[in-house]
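Data block below; observations after.
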Amino acid sequence: MIYENILVEYQDQIAVITINRPKALNALNSVTIQELTDSFNELAGDANIRTIILTGSGEKAFVAGADIAEMSDKSPIEARHFSQLGHKLMNLIEALPQPVIAAVNGFALGGGLELAMACDIRLASTNAKFGQPEVGLGILAGFGGTQRLPRLVGSGRASELLFTTDLIDAQEAFRMGLANHVYPKEELLGQAVAMAKKISSKAPIAIQLTKSAIVKGENLDLLSGQGYEAEVFAQTFSTEDQKNGCKAFLEKRTTDYQGR
Ligand code: CO8
């Protein structure tokens, strides 16, 4: 598929999606949100792709937020629709069979941070900056920021970021648990690919079910989460990969997982 605002590249079992509006610091307009939705939907059905990396083009930004120029004149009804369009994309990322790594290569603000938070893992470059500037524009973090940020960093720290609009740097994001690792800018994508390769070498169905247990577990009490975990644990025992993986360990050899 040809896209206007994103690039999709493939490296073996890894897909790299690059948001490509560098002149607008990769701001999310509705076309970009729709293209991201379409590309993730396409990748969801591609069993050859085991891990996805999401990043931004240019020197400065991952994503500097929703497109303020497009958004500013919306009516309340249009704003709700825009918010729902964003939610649909973020929820799709969480529901994907493959893990998604956000390679945050600069500003991740507003909708950009919300997009990164919908990914499973966030890696940051040293120049990355994170923040939720929305209340400084008279709006609020309407792509899931009021929900995902407190879940990720706790309500006190989330409230501070959401109320003050202060930006934090990559090291602070790392300390809060918002970024898993921080790398020099020129190493970020390579490190993301290295992590994606490691993930892609494991059993894909086990990874998919682990992801779904993590995502689902966020919204469940411990006992219900354990109930779901037992279900998906059982499901792995109907896969060839479980038989081969356990057998390979006992025979002191490695195996290539087939995703079945
Ligand atoms: N939307 C549209 N255009 C943008 C955006 C944006 N979010 N961010 C930057 N741009 C554009 C600038 O307008 C500028 O364009 P031009 O060259 O045509 O003037 C270009 O990108 C470069 O930006 P700057 O010149 O401002 O670059 P600086 O290095 O000086 O500053 C900043 C970089 C600090 C990132 C600055 O651009 C900035 O503050 N951007 C806005 C950040 C922001 O407020 N983001 C939150 C947006 S709101 C949001 O995300 C809501 C999500 C939930 C929506 C719910 C829907 C109901």
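Nothing fancy with the numbering, it's 1 onward along the sequence. Each ligand, and each atom within it, is numbered from 1 in the order the structure gives. Predicted, not measured: the structure shown is a model, and the values here were computed from it.
For the pair Lys243 (side chain) and Phe237 (backbone), a donor-acceptor distance under 3.5 Å is present. Asn127 places no side-chain N or O within 3.5 Å of a backbone atom of Gly106 that could act as its donor or acceptor partner. Using modelled atom types, no side-chain atom of Glu35 and backbone atom of Thr32 make a donor-acceptor pair closer than 3.5 Å.
For ligand 1, the 4.0 Å heavy-atom shell contains residues Lys23, Ala24, Leu25, Ala27, Lys60, Ala64, Gly65, Ala66, Asp67, Ile68, Met71, Ala79, Phe82, Ser83, Phe107, Leu109, Gly110, Gly111, Glu114, Pro133, Glu134, Leu137, Ile139, Gly142, Phe143.
A continuous path of ILVMFWY side-chain contacts below 4.5 Å connects Val100 to Tyr3, so both sit in one hydrophobic cluster.
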Acceptor/donor pairs from residues 52-64 side chains to any protein atom, 3.5 angstrom cut, sequence neighbours excluded:
unit_1, atom_1, unit_2, atom_2, d
Thr55, OG1, Ala103, O, 2.9
Thr55, OG1, Asn105, OD1, 3.4
Ser57, OG, Ile19, O, 3.3
Ser57, OG, Asn20, OD1, 3.0
Glu59, OE1, Lys185, NZ, 2.7

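Atom NZ of Lys74 has more than 12 heavy atoms from other residues, nucleotides or ligands within 6.0 Å.
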